[in-house]
Amino acid sequence: MNRWPAILALLVMGCDSKTQVVFADAAITLPDDPMTLPPGPGMQAVLDNCTACHSPSTMLQQPKVSREKWQSIVVKMIEVYKAPVDEQAIPAIVDYLVAAQTVEAQATDRSATAQ
């Protein structure tokens with residue numbers, strides 16, 4: 001006896017039942033990120049082009065890298081992640097990030113020495 005029609009009928013009936021999905025409201029509270037960028041040339045270019053996705057503390061906590069690496073990171077943000085960065089602002093952004101890392105590193109060194 002051919003069982004395939006019965007098996008297919010059972011499969012089709014199983015697909016016809018509605019899945020019970022329950023959505024619940026959920027809320028999370030993100031921590032404040034009060035840290036601001038240190039003043040310096042290019043800070044406005046960073047604020048205008050980078051802070052839509054990156055918080056100041058995230059930018060300042062990156063490992064210290066070379067100017068060339070910052071250049072490649074900014075280009076990657078534009079080309080790979082389609083970040084809406086004004087390409088004319090790239091030199092100012094890179095200059096600022098290099099300078100800000102130097103300032104942060106010096107502040108960290110002074111803080112460690114004082115302890």
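Atom set for the values below is all heavy atoms of this structure, side chains included, hydrogens, waters and symmetry mates excluded.
Contact of the R67 side chain with the D95 side chain is registered, since non-hydrogen atoms from C-beta on lie closer than 4.5 Å. No side-chain heavy atom of P56 sits under 4.5 Å from any side-chain heavy atom of T36.
Residues satisfying the side chain to side chain donor-acceptor pair (under 3.5 Å) test with S55, not counting sequence neighbours, are D33, S57, T58. With sequence neighbours left out, the side-chain contact (heavy atoms from CB on, under 4.5 Å) criterion links D86 to N49, Q88, A89.
The CD atom of Q71 sits 9.5 Å away from atom CD1 of I93, with the distance rounded to the nearest 0.5 Å. Taking CD from Q44 and CG from L37, the interatomic distance works out to 10.0 Å, rounded to the nearest 0.5 Å.
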Would you list the atom pairs, donor with acceptor, under 3.5 Å between side chains in residues 73-82 and any protein atom, with sequence neighbours excluded?
{"unit_1": "K82", "atom_1": "NZ", "unit_2": "E79", "atom_2": "O", "d": "2.8"}

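Closest of all the heavy-atom pairs between T51 and L47 is OG1-O, 2.7 Å. C50 and M59 make their closest contact through CB-SD, 4.0 Å (heavy atoms, listed as atom of the first residue, atom of the second, distance). Scanning both residues, K69 and S72, for their nearest heavy atoms gives O-OG, 2.8 Å.
Formation of a donor-acceptor pair under 3.5 Å by the Q101 side chain with backbone atoms of V65 is found in this model.
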